[in-house]
Structures are given as C-alpha cells and as structure tokens.
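So the structure is just underneath, and the comments pick up after that.
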Amino acid sequence: MEPELKSQAIQLEDVDVEHKAGDVQESEILRLGAEVALREGRNPWKVLFENKKLLLLIIVVQFNSVIVGMEYSLPGNVLGINAFLKMFGVETTTGTYNVPAKTLTIWAAMFAFFQSIGQCFGGWQSDYFGRRFCIYSVVFWTYLGVTLEIIAHNWQMWTGAKIAIGFATGVMQSAVPTYVAEVAPRECRAITLGLCHLTAIFGALLSTLVTYGTNMKWGANINDLRAFRVPLYIGLAVPTLCAVFEIGLLVESPWWLLMHGKRDQARKSLEFIHSWQRDRNIEALFAELEYTLQKEAAYKELQRQSSYLECFRGVDLRRSFCAAFPQMSSNLAGNSLNGQYATYFFQIAGSTDPLVNSVITSVVGMLANVGAFFGLESKRIGRRPLLLAGIILNTACMLAIALIAEITNGVYTRVGGIMLTFFVALFATANAIGPGVAGYAYVGESGSSRLRAKTTTLGVLGNAIVGLIINVALPWMLNAPSAGGRGWGVKTAWMFFILGFACCVIIYLFIPEYSGRTYAQIDEMFLRKVPARRFKTFQCSGDYGRDLNLQPQRA
C-alpha cells in the first residue's frame, strides 16, 4: 500500500493570529505561512460552501465562458437557417443558398487565429494591469464581437465579427482560469476551475436550443432575419449579466497585489472575499501567500519583470507542459471530430433528428461534468486518474468508430448507426470527466505564482493551436471518396486512435497529481524534480528554494 501523506501542519482554525499584521515579524509570518501551506486539506465541499460569497464570485467570473460554448456551436447551428444562408452565402443553380466551403474555412481560421492572439494579449494584460481589469475587458470585447455579428450583412463583415469575438474568447480563456486559480481555496481549486468547461457546455446547449426555436418560428421566411439574430441577442445578455454582478463582487487577486508590493490592498482583498465566511483567518491566509512567494523569490527574483521565455526554461518548462498537454490531449484524441462534427455523425448514422441527438449528448456531457467534480478533489481519485481514464475511454471510442467504419464501409445499417451514435455520446461523456474538467484544473494550477498568467496563456494557446490545425484539416479528411473527395471519411478515427494512444502514455509518464496540494507544496515538488507518478504520495517538508541541491525524499 502507498504510505499516507503525513500531516506536518495544523488546521487553519487552530492558527494563533492574535497579533495584528504590524506586530508580526517577518520570520513569524513565514513560520505561520509554512504551517498553513503544509497542513492537510479539509473536505472540499465543506470548504466550497462555507464561503458563499467566494462561491458566488467564482460562478459569476466563470459565467463568461458561456459565450465560448455559444460560439463553438453557433457555426453549425446557423448554417441550417435559410435567412443566414441567403445573407452570407451565394445562390446555387437550384435556387437555394449555400455558404461556400472557402468562406467557412476563412471564418474558422480567423476565429481560431485571433483567439490565439487574444490569449497572448490576455496573459500580458493580466500581468501588467491586473486580473480584475483583464476580466472587465472581457465584457467589453465580448460586447464588441457580438455587436459586429448582429450588424453584419455580408460575409466580409461576418469575418470581421469572427475576428473580434475570437479575440474576446481568447482574452477570456486566459484571464478567467488565472483569476479563479488564485482566489479559490486549494481544497476545491479543481472543482471551481472545472466550472469553465461546464458553463461552456451550457452555452453550447443554450445556443442550440434557442437557434432551433427561432428557426422553427421564423425560419420558413427566408427574409426574416430574426431566425438567426435572436440567438445573437442572447450573446449580448451574457456579458451584461456578468458585468452587473462583477461590479459588486469582483476584487483584485490578492496574489497579484502582493506580487506588486501592495500588501495592504492584498489583505483588504482577502478580507472582502472571505467576509461571509465564519471563523475566517485572514492573517493565516495572508501568511500563506507571503510564504509561497518568498519561497519562489529564493529561486528567482520575484520583482523582476517576467517573460514568456522563462516559461520554457528549467523547471518552468515542465510546468508549462503540464499546463498545456492535458487540454491538448482532448483535441489529439478526437474531440474536434466528435464535437463540432457530432451532427455529421448522427446524419450518416441515419438519425431523423440530429438536433435531438446533439441536445442529448450535451446534456449527458453536462451531467458527466458535474459527476467529475466529486472525483477531482477526492483523495482516492484526483485529477490524474480522471484525466487518464477519460483519454483511455476517448481512445477506445475512436477505435470502435474506426472499426465500425471498416466493417460497414460507409453503408450504415440501423445497428451500425445506433452503435456509432452510442460511441459518439460515450466520447462526450469521457471527454467531460477527463480532459474537459481536469484539463482546466491543470491549466490554472501548473504555473508558478509569478508566471501563472503566462503559463495559463500557454496552456490554452497550445490547445487552440492544435485545434486550429485539426479543424482546418478535418473537412478535407472527412470528405470520403464515396462523396467525391479524397479523404478518409469516418475512418479518420484511426488517426485519432493512434494519437490518443500516444496521449495515454504521455499522461501516465509525465502528468502529476495536484489534489489537495497548496501552491507551496506544488512548487516544492517541481523544484525537487519529483517524478509525476510520485506527486500524490510525496511528503513535503517546506525546505526548498535556496536549498535546491537536496535530493527528493522518499514518500
């Protein structure tokens, strides 16, 4: 049996904090911070619900992710609306309208490219102006992007709208995980970060349902623009709600304030965030922040302006990889194939109503997402097993889909269609419990405090680049010879099976476990170069920083 991780500290409520900040000496603050950083974690659900103000703040910030899910599903939804096709497409010889494949490729490429630009900009903006300012800017950029979508009346203007909304979602994907990772208690950090994936799924489902309803009501009239513009108005409602609640709740991250020497403001921010919490111990929380940053300063000069190059050097290179690969593995294992092209699978499987199947798949994914929350912070499960199990199941689904395609050779019987639909839905479930939820946890938790915004940016950027490459290639790969193309059709699943198998091996060997760990403990294990498989049982001592020549201890 693996040895249990021994408690080397005291519970937060047992810490003696009778002295005011001005009376506590620097050494005493560090001692207190070390005790808090090394204590054993409490029950994550108790911690999550004992401070309802913090929970509400995190939900409001994560609600920004709804727009990502809406934009993810919008392209497929509006292409079934005649008014949209007439405005942005061209007339065919049969008198109908269609958006050329070249135009669709431009839209997808511009959205993905400027999303990457937004992710980079968001990381810089978050470091320079603060996490709070960057999250407020997400509201502005989202308003701009959705407004351009509403007023667009030709495909060129729609391209400009996709550029703006792509940039907006990129800034959001960088800013939100960074902020949540810094304000969330360590016992429920992964759960709160995983809310990003849940709200994105909710956004996709909301977009699908609203688009379906407006198309049923106004879609018959090819000149009635409400069929596709009403769903866009919902896109304006999301940033409006976020802005209203953020005005009263959003405060600057205490980590960012302390890193910039604003100690008094950092303490006030902690007091505001935890003002609804019983038995709150601001001095102990503040000491933990100072202790972690002091230990990092012993390894690198904290006050020195950081750069993205540092994310690719030494220990930080490993941390950047751990931030990027879990989410990236989702696309490598076939999420683009089973996500954006799920309706395609349902159609070739002979479904009479692909929309209903898509809604069912989204709902199942949301339920699986919620179920994963109970395992993320569990001492028996944790992030790494969920991530590995999800990728293994995703890879198995790709193998099953590829075998079905080989056996049926593109001609699907009722049984073959049902099996294909089943494995598409199973993939969505596995992706939700694995790289979907756990992936966001790794994005937010892997970076050091000083480089967290930049590491988070690299985490989402790596996934975006892989997604861009795959999404550009997929239309050609899915265009099978039976349809007059030179692609592989559904047999494309073979490629994702091979990539998914490689992801399983890489995750097992190189992706560590963070469950129940403070940032100080994670820092120590990375600096001591603890193997990924030993992160869960490694016994931290707090002796690291300047003492980097010590060998890792045996658990």
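A quick note: this is a predicted structure, and the numbers were derived from the prediction, not measured.
When all heavy atoms are compared, the tightest approach of Gln62 to Val180 is NE2-CG2, 3.9 Å. Looking at every heavy atom in both residues, Leu461 comes nearest to Ser116 through CD1-CB, 3.4 Å. Pairing each heavy atom of Ile391 with each of Gly500, the nearest pair is CG2-O, 3.9 Å. In terms of heavy atoms, Ala190 sits closest to Leu376 at O-CD1, 3.6 Å. For Thr159 against Met110, the heavy-atom pair with the smallest separation is CG2-CG, 3.9 Å. Taking every heavy atom of both residues into account, Glu513 and Pro385 meet most closely at OE1-CD, 3.2 Å.
With sequence neighbours excluded, no residue forms a salt bridge (charged side-chain N to carboxylate O under 4.0 Å, His left out) with Arg318. Shown here are the salt bridge (charged side-chain N to carboxylate O under 4.0 Å, His left out) partners of Glu182, two or more places apart in sequence or in another chain: Arg131, Arg452.
At most 12 non-hydrogen atoms from other residues, nucleotides or ligands lie less than 6.0 angstrom from CZ of Phe245. Other residues, nucleotides and ligands contribute more than 12 heavy atoms inside 6.0 Å of the OH atom of Tyr136. Within a 6.0 Å sphere centred on CZ of Phe113, heavy atoms belonging to other residues, nucleotides or ligands number 12 at most.
Considering Ile465, Leu499, Ile469, Val466 in turn, Val466 is the only one that fulfils the side-chain contact (heavy atoms from CB on, under 4.5 Å) rule with Asn331. Among Ile165, Thr169, Leu468, the one residue that satisfies the side-chain contact (heavy atoms from CB on, under 4.5 Å) test with Gln115 is Thr169.
Taking the charged nitrogens against the carboxylate oxygens, Lys162 and Glu149 do have a contact shorter than 4.0 Å, which makes a salt bridge. The pair Glu445-Arg383 meets the salt-bridge criterion, with a side-chain N (NZ, NE, NH1 or NH2) lying under 4.0 Å from an Asp/Glu carboxylate O.
When ring centroids are compared, Trp124 and Phe129 come within the 6.0 Å threshold. In this structure, Trp158 has its ring center closer than 6.0 angstrom to the ring center of Phe88.
Side-chain contact between Ile511 and Pro326: present, with at least one pair of heavy atoms (C-beta onward) separated by less than 4.5 Å. Val437 places a side-chain heavy atom less than 4.5 Å from the side chain of Phe373. Inter-residue side-chain proximity for Thr395 and Cys503 is flagged as unmet; no heavy-atom pair is nearer than 4.5 Å. Counting heavy atoms from C-beta outward, Val443 and Leu193 have side chains that stay 4.5 Å or more apart. Contact annotation: the side chain of Ile234 never approaches that of Ser207 to less than 4.5 Å [non-hydrogen atoms, C-beta and beyond]. Under the 4.5 Å side-chain criterion, counting only non-hydrogen atoms from C-beta, Tyr143 is not in contact with Val238. Taking 4.5 Å as the limit, every side-chain heavy atom of Phe228 sits out of range of all side-chain heavy atoms of Thr211. For the pair Phe427 and Met398, the minimum side-chain heavy-atom distance is below 4.5 Å.
Distance check: Ser448 OG to Glu310 CD gives 8.5 Å after rounding to the nearest 0.5 Å. If you take CD1 on Ile498 and CG on Leu399, they are separated by 10.5 Å, rounding to the nearest 0.5 Å. Note that CG of Leu458 and CG of Leu451 are 9.5 Å apart. Values are rounded to the nearest 0.5 Å. Atom-to-atom distance recorded for Phe496:CZ and Ile401:CD1 is 10.5 Å, nearest 0.5 angstrom. From Ile81, atom CD1 reaches atom CD1 of Ile222 across 12.0 Å, with rounding to the nearest 0.5 Å. Rounded to the nearest 0.5 Å, atoms CG (Asp127) and CZ (Arg450) are 10.0 Å apart.
The closest donor-acceptor contact from the side chain of Thr214 to the backbone of Ala227 lies under 3.5 Å. Side-chain atoms of Thr96 never come within 3.5 Å of backbone atoms of Thr92 as a donor-acceptor pair (strictly under, hydrogens ignored).
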**Request:** Start with the C-alpha distance between Ser446 and Arg319, add both sets of side-chain angles, then the distance that settles side chain to side chain donor-acceptor pair (under 3.5 Å), and finish with yes or no.
**Result:** CA-CA 5 Å; Ser446 295; Arg319 301 183 77 147; over 6 Å; no

- [ ] Could you walk me through whether Val176 and Val138 pass the side-chain contact (heavy atoms from CB on, under 4.5 Å) test, one step at a time?
- [x] CA-CA 9 Å; Val176 169; Val138 170; 5.5 Å; no

- Pair Arg517-Met525, side-chain contact (heavy atoms from CB on, under 4.5 Å): steps then yes or no: CA-CA 10 Å; Arg517 299 290 195 173; Met525 290 187 287; 3.5 Å; yes

Task: side-chain contact (heavy atoms from CB on, under 4.5 Å) between Tyr97 and Val90, intermediate numbers included - done: CA-CA 5 Å; Tyr97 291 88; Val90 295; over 6 Å; no

Note to self: If you apply the rule ring-ring contact (aromatic ring centres under 6.0 Å, His included), what do you find for Tyr519 with Trp255, and how did you get there?
What the structure shows: CA-CA 11 Å; Tyr519 283 127; Trp255 288 90; 5.6 Å; yes

Begin with the C-alpha distance, continue with both residues' side-chain angles, and end with the deciding distance and a verdict on ring-ring contact (aromatic ring centres under 6.0 Å, His included) for Tyr442 and Tyr514.
CA-CA 8 Å; Tyr442 281 101; Tyr514 301 149; 5.2 Å; yes

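For the residue pair Ser137 / Gln125, a side-chain donor-acceptor distance below 3.5 Å is found, with atom types taken as modelled. Side chains of Ser330 and Asn431: a donor on one and an acceptor on the other come within 3.5 Å. A side-chain donor-acceptor contact under 3.5 Å links Glu246 and Asn64. Looking only at atom types and distance, the side chain of Thr457 has a donor-acceptor partner in the side chain of Ser174 under 3.5 Å away. Counting only N and O atoms by type, the side chains of Tyr179 and Ser126 include no donor and acceptor under 3.5 Å apart.
Sorted by first then second residue, the ring pair (Phe, Tyr, Trp, His ring centres under 6.0 Å) pairs that include residues 444-467, not counting sequence neighbours, number zero.
The aromatic rings of His197 and Tyr440 are tilted relative to each other, their planes meeting at an angle between 30° and 60°. Classification of the Phe121-Phe167 ring pair by plane angle, with boundaries at 30° and 60°, yields tilted.
A cation-pi arrangement is present between Arg384 and Tyr508, with the terminal nitrogen or guanidinium carbon under 6.0 Å from the aromatic centre and inside a 45° cone about the axis.
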